[in-house]
Visitor: 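Quick one: structure below, then a few questions.
First the proteins, then the strands, lettered A, B, ... as listed; each starts at 1.
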Amino acid sequence: MADATIAGRTRAPSAPSGYFKRLSASPGQIALAFGIALFLLLFLVVPVGTVIYVAFTEKGTGEFTLVNFLDFARTDLFIRSFWNSVYVSAMSVVVASVLALPLAYITTRFEFRGAMLIQTLGFLPLIMPPFVGAVAMLLLFGRNGTVNLLLDDWLGLKIPFMEGLNGVIFVQAVHYFPFILINLSAALRNIDRAMEEAAQNLGSSGFRLFRRIVFPLAMPGYIAGASLVFVKVFDDLATPLLLNVKDMLAPQAYLRVTSIGIADPMGYVISVVLICMSILAMWVSARAMRGKDYATVQRGGGGLAKRRMRPWESAIAYGVVLLILFLVLAPHIGLLLLSFATVWSFSPLPDAFTLAHYGRVFGESFVYVKNTMIYASIAGLIDVVLGTAIAYLVLRTKLIGREWLDWAATAALAIPGVVLGIGYLRTFYGVQLPDGTPLAALWIMIVLALAIRRLPYALRACYAALQQISVSLEEAAENLGATKLRTIRRIVLPLMGGGILAGFVTSFATAAVELSATLMLVQSNADAPLAYGLYVFMQSAAGRGPGAALGVIAVLLVALCTFASHVIIEKSQKAKAAGR
Amino acid sequence: MNQPFPISALETKAVDVDIRNVDLSYGANHVLKGINLHIRPGEFFAFLGPSGCGKTTLLRLIAGFNQADGGEVLVGGRDVAHLPPWKRDVGMVFQSYALWPHMTVRRNVAFGLEERKVPKADIDRRVAAALELVGLAHLADRRPSQLSGGQQQRVAVARTIAIEPKVLLLDEPLSNLDAKMRVQVRRELRDLQQRLGLTTIFVTHDQEEANTICDRIAVMNDGIVQQVGTPMELYEKPSNLFVANFLGTANILPGRVVRDGGERFFDIDGGVRLPIPAHVVVPEGAKLVFRPQHASLGRSDTGDVLLPGTIVHSEFLGSTLRYGVKIGAAEVSIDTPFHSGEALRQPGSAVEIGLSLRSALWLAA
């Protein structure tokens, strides 16, 4: 951004619009761009750069070397961890697909009572950190969990749902399958009915029609969802740790840095591998999507024709849907039971119920909830301020290098949380306040890490909101005598309001349950957010009850926010439609 | 594609389409009300009407995408009402073209033949012939997204005729093209249809499109076929007010029929009385209808009747002058040829309209 300058200075102001565009990069805007650039540099580029730098330099001397990577390749544990991570991620995609495909297909292709309910329930797993569900899943599906106890009683067999890597795959698939459901459903809905009718008209029907026309058209949506699941699982730290699976990459990175020390290069090498895998998966997805904007719905056309099911088809469909819904809601059900349970061990259901856990949570552990509210609010606020500013600079000014702000902010998508955490620790531990506290120990660092992690999503929301506002609305205000700043305040921001609010709530809700970046940055219980508290509780058998109660509170909190954002978006869309 | 089409390797045989007493409702919405139509073999036939008149519904019914509540659809003498779309052999070109974006042009065109399990060599031959016919053989390996709107439209046509359908259905095929392309493509469509001799049904809301390429037109409104005829018949002898109004400009003067002695007269609302010629049948509640060119300012023929009026606006249209004239409570348009040096008459001036009663019609709604 060093060469930020005013574009088109040499161009004669021949047309009025050209004149305004020439003026549109005012000193204030340039200052704003520099401010954002500085923020991104300090809290994204430098920490990640440091991680990469350490991975490629010799410990002590600081000389360039590839020895660290050679060590990585020579260590059995790391190679096994790498393949375990790849296997778990790939299998999670497979299992998530098995869960998502029938739901997406049945709800978009058939007249199905409760289709809306299914689509909504399908989102539920997302609003709870996967590791919270992991404990509930152990109680339901573990070796001595409800399902296996019942199976043992009836059939005399046990299924190792939760043993080792299976457990991670199962928990992750149940948690992340909505990404596939959402993308695949959208892709299926976006297929123009005429696409299918044209095939029927030319003699195609049934499964051949699905295989040759419908499925290929929905493929880009499926790949987008699948690659997202792959990346999320590959980067997740807390779920394997909680299930006591240590030989995967993200846990290894965390364990190296926390147990062996901040100077050990292996944690950084693993971080670089994690970043590479993220970028690889995104690249694959981008390649699959390139030139394949298959959204073919035309004006006046509807999505695929919905067929009424025959009675027996209906019975099968309801059976499948109920089974899948039970599976994906199992963590929530288990958590709720656990939060009211006195003792729940070696029995299908808890022995007795109590409210004591909630009492304990609202007493001594309420600090976690309070911290989370503060952290997530500030992070959300930072995100929408940055998001709005970047969107404005990109869409409304001719500032040279403005796209770089967008790219840099979006690049955060490719940085796993654990990598960002390690980067912050390394970068800011050396920097000390006058009283000797290292910068990395301050709670504000947790907030900044959360803000950076959620920025890409908030930015897209703000970007979309601004894109929908016609430039002529601003020109009209300027024509009537409003300055740029007044125009932004009186016209642009009010019109963007709904989008900004939605961006804030999304950031807030997801930041509230984020753990991978913060796990490493929490220095004391007094500064810890909810997700950290949950993690600590869930590690001990005695803490599970209160942990579950805390989890239920987190789920309610996030659900409430998600619902609020939904309402806000609907309302603002309605208001805009009415204004048209 | 200004060149004439090459003789095609595609074999098509013209069959007729017979629609008998077709009825269709969506809930309380009665979309098609007892439709009866006979489309002759090899005919280029149009369903013409405003949006919501049921024309597209009727077309989709022939293709099998809608099910009639009653009545029969016969293609080449065979009732197809019970057949699913994929067994009907009626090729449809969709309004949006519906080209599959994940297939090349060649694969799109080959699709219907592959579904019919046609031998590979025949598929290649017929795909080539169909693409040759629409002049796109050189673009066979492109994707639909790499083609212009006009080219996409031709691929859609090629894809449909490759299966050698019994009937070709065109659902507003020109609506996604710009004005200039529309004129060119409609000529191409007509040329192609003539060459293949294929029975073709064309749905449109644009009377000019229907007039220029179709042999006969069924004018539809409100789920009912109002009139069937050649473009000229419909223009000159519309059977009701809707058809008169929908095809071209029509002047409509309300009034009532009175008898005085043995003679019939038409009292135009506002005071003028016209004699009704003896042989003319005047339906109940009829209004007087005439085209702008069938009247003049002043008497142009000794047989004309004179109507007093006031000019309310005047427009220069190049070869003609169009005057808006207030007669009684109604306003009519009068076209007169433009003569060099002639000045427009100013609004407000009183004129007498000369009307030839031989060209005038009395029509009811």
Visitor: What distance separates B/D89 CG from A/L202 CG, expressed to the nearest 0.5 Å?
Guide: 10.0 Å
Visitor: What are the two closest heavy atoms between B/R159 and A/A198, and how far apart are they?
Guide: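 Between these two residues, the closest heavy atoms are NH2-CB, 3.2 Å.
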Visitor: Between B/G64, B/A63, B/A162, B/G91, which has the largest tally of heavy atom pairs under 4.5 Å with chain A?
Guide: B/G91
Visitor: Minimum heavy-atom separation for B/M103 to A/I213, with atom names?
Guide: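 For B/M103 and A/I213, the tightest heavy-atom pair comes out as CE-CD1, 3.8 Å.
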Visitor: How far does CD of A/Q200 sit from NZ of B/K87, to the nearest 0.5 angstrom?
Guide: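 So the CD of A/Q200 and the NZ of B/K87 are separated by 12.0 Å.
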Visitor: Mind listing the closest non-hydrogen atom pair of B/F94 and A/A194 along with its distance?
Guide: CD2-CB, 3.7 Å
Visitor: Kindly check if the number of other-residue, nucleotide or ligand heavy atoms within 6.0 Å of CZ (B/R78) is above 12?
Guide: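 It does not: B/R78 CZ has 12 such atoms or fewer within range.
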Visitor: Contact part of B/R60 toward chain A, heavy-atom cut-off under 4.5 Å: side chain, backbone, both or neither?
Guide: side chain
Visitor: How many angstroms lie between CE in A/M195 and OH in B/Y97, if you round to the nearest 0.5 Å?
Guide: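 Output value for this atom pair is 12.0 Å.
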Visitor: Out of curiosity, B/S96 OG to A/E197 CD, how far, rounded to the nearest 0.5 Å?
Guide: 9.0 Å
Visitor: Is any side-chain heavy atom of B/E115 closer than 4.5 Å to one of A/R212?
Guide: yes
Visitor: Can you say whether B/F65 sits under 4.5 Å from chain A via the side chain, the backbone, both, or neither, judging by heavy atoms?
Guide: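 B/F65 touches chain A through side-chain heavy atoms alone.
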Visitor: What is the distance from atom CG of A/N201 to atom OG1 of B/T160, rounded to the nearest 0.5 Å?
Guide: 6.5 Å
Visitor: With only heavy atoms counted, which part of B/R88 is less than 4.5 Å from chain A, the side chain, the backbone, both or neither?
Guide: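 No part of B/R88 comes within 4.5 Å of chain A.
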Visitor: Return the minimal non-hydrogen interatomic distance between A/S204 and B/W86, and the atom names on each side.
Guide: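 For A/S204 and B/W86, the tightest heavy-atom pair comes out as O-CB, 3.5 Å.
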